[in-house]
A.B. asks: 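Provided herewith is a single structure, encoded as structure tokens, for subsequent inquiry.
Letters A, B, ... are given to chains in the order of the sequence lines, protein chains preceding strands, and every chain is numbered from 1.
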Amino acid sequence: MTEAFRDRIDIALTVNGEAVEGRVPAGRHLIDFLRLDLGLTGSHASCEHGVCGACTIHVDGQAVRGCLMLAAQADGAEVWTLEGLTETGVIRDLQDAFVERNALQCGYCTPGMLASIKELLDMGGVPDRATIREHLSGNYCRCTGYEAIIDAVESVAKARAGEAAA
Amino acid sequence: MTISFGNPDRPNSYIGKTVPRPNAPRLVQGRGKYVDDIVLPRMAHVVFVRSPHAHAKIGAIDTAEAAAVKGVLRIFTGADIAEVCTPWVAVLAHLKGLKSPPQHALAVDRACWVGDPVVAVVATSRAAAEEAAALVEVDYAPLPAVTDMMSALDADTPVLHPDMGDNLAFRRLHEEGDVEAAFASAHKVVEARFKTARHTGVTLEPRSILVDWNPAEGQMTAWHATQAPHMMQTVFAKHLDLPEGRVRVICDDVGGSYGIKVHVYPDEVATAAIAKIMARPIKFVADRLESFTTDIHARDHEIGARIAVDETGKILAMDIDDWTAIGAYSVYPRTSAIEGNQVVNLCGGPYDFAHYRAQTSVVFQNKTPTCQYRAVGHPIAVAVTEGLVDMAAAELGMDPVEIRRRNMYADDAYPVTSPAKMRFEGLSHHASMDKLMALMDYEGLRAEQAELRKKGIHRGIGIASFIELTNPSPFMYGIGGARISAQDGCTVRMDPDGSIVALSGVTEQGQGTEAMLAQIVAEGVGVAPGRVRVITGDTQVTPYGGGTWASRGAGIGGEAALQSALALKGSILEVAGAMLQAPADALDIRDGQVVDTATGEARMPLEELGRIVYFRGDTLPKGLPRELVQTRHFITSDYPFAFTNGVQASYLEVDTGTGEVKLLKHWCVEDCGRIINPQLVDEQIRGGIVQGLGGALFEEIHYDEDGQLLNGSMADYLVPMAAEMPDMVIGHVETPTMESTLGAKGAGEAGTAGAPAAVMNAINDALRPLGAQVTAMPFTPERILRAMGQIED
Ligand code: FES
Ligand code: FES
């Protein structure tokens, strides 16, 4: 075995609000730890080198690529995946808008898309379409052609801004 | 029973409405079930050692070091797999002369492209299998590689498969009328060479399969990301020597297909063979490099083409010489001759003209095999046709829309047979064009373009009319001997609580099949769509069918669903009639209630009927039929294919300094017959357009002359991303097919068919005043600058 897989490291972190401990090979990527060790298959892997955005999750409040980060680096971190974001209801409006606007087809890009979009929406305000497109330019979707996704994000941003103003 | 589609206020009017997809909430909550999400007891992982050479003899294979890696269970060579798995030959009888050598699941003594699987390593974890695979030593003796398309048939080019005699896999010449005479007497002749680049599907979910063989039951189960579960059932059974009835293929969520996942891949068959040998579940998930080197490629074409027109712009003749290189093998079982064949069938498609000659030459190469990918052949045929038509218009000083209007089949001309011998039941080219003109404000855009041109801003408007082949009959594959079902079936049943279950042989790949089926069944039976549960993708559960390809799901699977739903409604009403002492035809089902047809008065909820039938059948008259399960199948028979039509437009700006293209807007008006779910159709069109835009602007697989693939990663192979894509306006004309009650034709591929041509014509419209023209896709900044003479070397 190469060292990256022979050497094991103890980690303790919070995933979706639950305390998790694990002993992981040093070379194990965070996305594999989540999917294989914790069974959190709501996050997906695709290119495995940081280009497609399918593996995007939240670590310490930021959207990161789960395929670029090692599980060992997440020691002590607070990690949120789509399963947890769903349970807490923080993106329910966005999820509803995705369903309503059919902003997903095969759904493989969707967990990563939602994580990236959450980051944008958390900044507040109503981003214009070009800004939304720019923000999502690291998330590849082969199915939708993006427009429905942009529409969904725009509608949620507007609704949230409307509520904030009211 | 018929449905008055013309009346939007009819009861249960779900067909034609946007209803939400039942599977979407699951997917937005991270509750999908893709193959890689499935873990089985004793599951092992297989990783393949692949040829690093485009062409090489395979010598000794040393696996000792690899076998010593902790976790490795077994290592298989081509010879090992060949003991349990027979090779295949991908030919079809109706493609006369098509040839291809036998192909093994693992290469046995010769590797024929970079990525050809040679050795399989099985381990308890994927990481261990990957590590061991890197330690397998294969003695390769490189052989000369055939990599250039146009010289593949030259006398001094080596023959890739000596047994085949030469490098020509297939050739077809079609000739209609007197082409030479038409060209000789024409007012103008325009000639050009076109290129479409070799590209690939880049499904976000890589190809994935998990196969278990249970010798105690004598049953193989494959969880497979596929578009054609029944076809795969047949293939596994045939090549692994199992009874077909003992192979079950299950297809849960699939992360994108677009034609990529409708083919037989050697590594997937090898995975099944290994499961059979080891009698335990084996999982294979391609990594991204494997996706690029082993997913089918497509669209590697070079076309010499000319068009003859008279002074009024009437098309007199077209002459097409298409070449395509398909890689080392024709792909099983659909073959790799279909794409070239489609180019012959589809060029000139929208236009009423008499003299047509087209030839396709399909050659072997030491590259990844090519095969059917979304809109098979259409983007090529449409680019060539529409490119020529625009060039002819420019030559005549005629508006591109006007020349099309003068040549498109009149909307009342149908049925007609095209010079390519395609039969059109009913199309709407003129109505579609009129609608497009209004949607895009063509005149207004032309004025804006002219205004901006004065300021040195080069915008272009490109139009592309097209036809699209959908709803295939057995004429596509079945008559050639392939066990690929053109028929499809649906079973619909009512359970005691009045809820409906529909089992269908077409599959869900994200396009919304299950939603479409749910609303058809809902309308057919007379319940709300939410009361219908749709099950697809399990060969042991659903009726036998073809799956998802060639835009057949709605037109064929949908009609089977409608007929089975109407039949179930008939049997429910028969029971209801007996219970309510009313003639069955005086009753109807609306929103889950049996009602009086005339007054709409509620007589009995379906739950009550279900309770009686299932639990108190003693109270019903003896002998009363009470079959609350009905199955119907559908196959098209009047026409080999149901053609659709449409027209797209692109508006873009070319930066003449950098050669960059900015897409400003895109329009598509198309006619897929009866629309079942407007939102799903529009999103299919949009997704398809963007896939076509990728081919037009970005996507190209590069090989060097030794056959090494140069851009096998998503960082190096460019795909359309959100920032570069335009908003798209979609419009429809509806000409239902008369072949079915439903009247639906396919909608999934039209976007891809026309988009590249529209972009090409728009770029050339922008460049024309500068005396430049591009015809080789993708239209990269470099190619555009070269066309303008700003780069020369
Ligand atoms: S899988 Fe992480 S970015 Fe593609
Ligand atoms: S929905 Fe399929 S990749 Fe985005």
Side-chain angles (χ1 to χ4, degrees), chain A residues 1-2 4-6 25 27-28 32 35-36 39-52 54 81-83 85-86 94-96 98-111 114 129-130 132-150, chain B residues 18 20-21 23-34 36-37 39 69-71 125 127-128 131 201-206 253-258 287-288 509-512 679-680 682-691 693 713-715 719-728 751:
Chain A
M1 285 233 144
T2 55
F5 285 95
R6 204 171 30 228
R28 179 77 119 193
D32 293 332
R35 286 182 53 85
L36 303 176
L40 292 169
T41 52
S43 302
H44 298 152
S46 178
C47 71
E48 295 179 275
H49 60 250
V51 187
C52 73
T81 69
L82 181 53
E83 289 91 341
L85 297 176
T86 301
L94 179 61
Q95 290 166 310
D96 290 347
F98 258 57
V99 173
E100 156 113 32
R101 183 60 190 83
N102 197 39
L104 70 153
Q105 289 182 25
C106 78
Y108 207 77
C109 68
T110 311
L114 293 172
R129 293 178 75 81
I132 300 170
R133 285 185 179 277
E134 205 50 57
H135 184 84
L136 295 181
S137 64
N139 286 82
Y140 170 60
C141 174
R142 187 56 133 179
C143 295
T144 62
Y146 302 106
E147 186 167 332
I149 297 174
I150 311 302
Chain B
T18 290
R21 286 168 52 200
N23 40 1
R26 202 159 51 72
L27 299 177
V28 297
Q29 294 180 22
R31 291 177 178 274
K33 190 167 155 210
Y34 304 89
D36 198 23
D37 299 340
V39 175
V69 171
K70 193 172 151 202
S125 74
E131 189 188 343
V202 200
T203 60
L204 196 58
E205 175 203 38
D253 291 319
V254 179
S257 298
Y258 332 109
D287 70 20
R288 195 44 64 180
Q509 321 279 311
Q511 72 278 54
Q679 183 185 58
L680 293 182
D682 285 0
E683 296 318 313
Q684 277 299 296
I685 304 278
R686 287 198 172 92
I689 287 171
V690 166
Q691 229 160 357
L693 296 177
S713 84
M714 287 183 66
V719 288
M721 300 301 278
E724 296 94 45
M725 288 300 110
D727 281 341
M728 294 160 269

A.B. asks: Is D32(A) close to chain B through its backbone or its side chain, or both, or neither, when contacts mean heavy atoms under 4.5 Å?
C.D. replies: neither
A.B. asks: Are side-chain heavy atoms of E205(B) and C106(A) found at a separation under 4.5 Å?
C.D. replies: no
A.B. asks: Given a strict heavy-atom distance threshold of 4.5 Å, which part of R35(A) is in contact with chain B: side chain, backbone, both, or neither?
C.D. replies: side chain
A.B. asks: What pair of heavy atoms forms the shortest contact from P206(B) to Y108(A), and how long is it?
C.D. replies: CD-OH, 4.3 Å
A.B. asks: Kindly determine whether Q509(B) and Q105(A) satisfy side-chain contact (heavy atoms from CB on, under 4.5 Å), including the steps that lead there.
C.D. replies: CA-CA 8 Å; Q509(B) 321 279 311; Q105(A) 289 182 25; over 6 Å; no
A.B. asks: Check step by step if side-chain contact (heavy atoms from CB on, under 4.5 Å) holds for Q29(B) and V99(A).
C.D. replies: CA-CA 11 Å; Q29(B) 294 180 22; V99(A) 173; over 6 Å; no
A.B. asks: In terms of heavy-atom proximity below 4.5 Å to chain A, should N23(B) be classed as side chain, backbone, both, or neither?
C.D. replies: neither
A.B. asks: Please state whether the side chain, the backbone, both or neither of Y146(A) comes within less than 4.5 Å of a heavy atom of chain B.
C.D. replies: side chain
A.B. asks: Does any heavy atom of chain B fall under 4.5 Å from the side chain of H135(A), the backbone, both, or neither of them?
C.D. replies: neither
A.B. asks: Relative to chain B, which segment of L104(A) carries a heavy atom at a distance below 4.5 Å: side chain, backbone, both, or neither?
C.D. replies: both
A.B. asks: Are any side-chain N or O atoms of E147(A) and backbone N or O atoms of M725(B), one a donor and one an acceptor, separated by less than 3.5 Å?
C.D. replies: no
A.B. asks: Given heavy-atom pairs under 4.5 angstrom as the criterion, report whether the side chain, backbone, both or neither of L204(B) touches chain A.
C.D. replies: both
A.B. asks: Checking S46(A) against R288(B): is there a side-chain donor and acceptor pair closer than 3.5 Å?
C.D. replies: yes
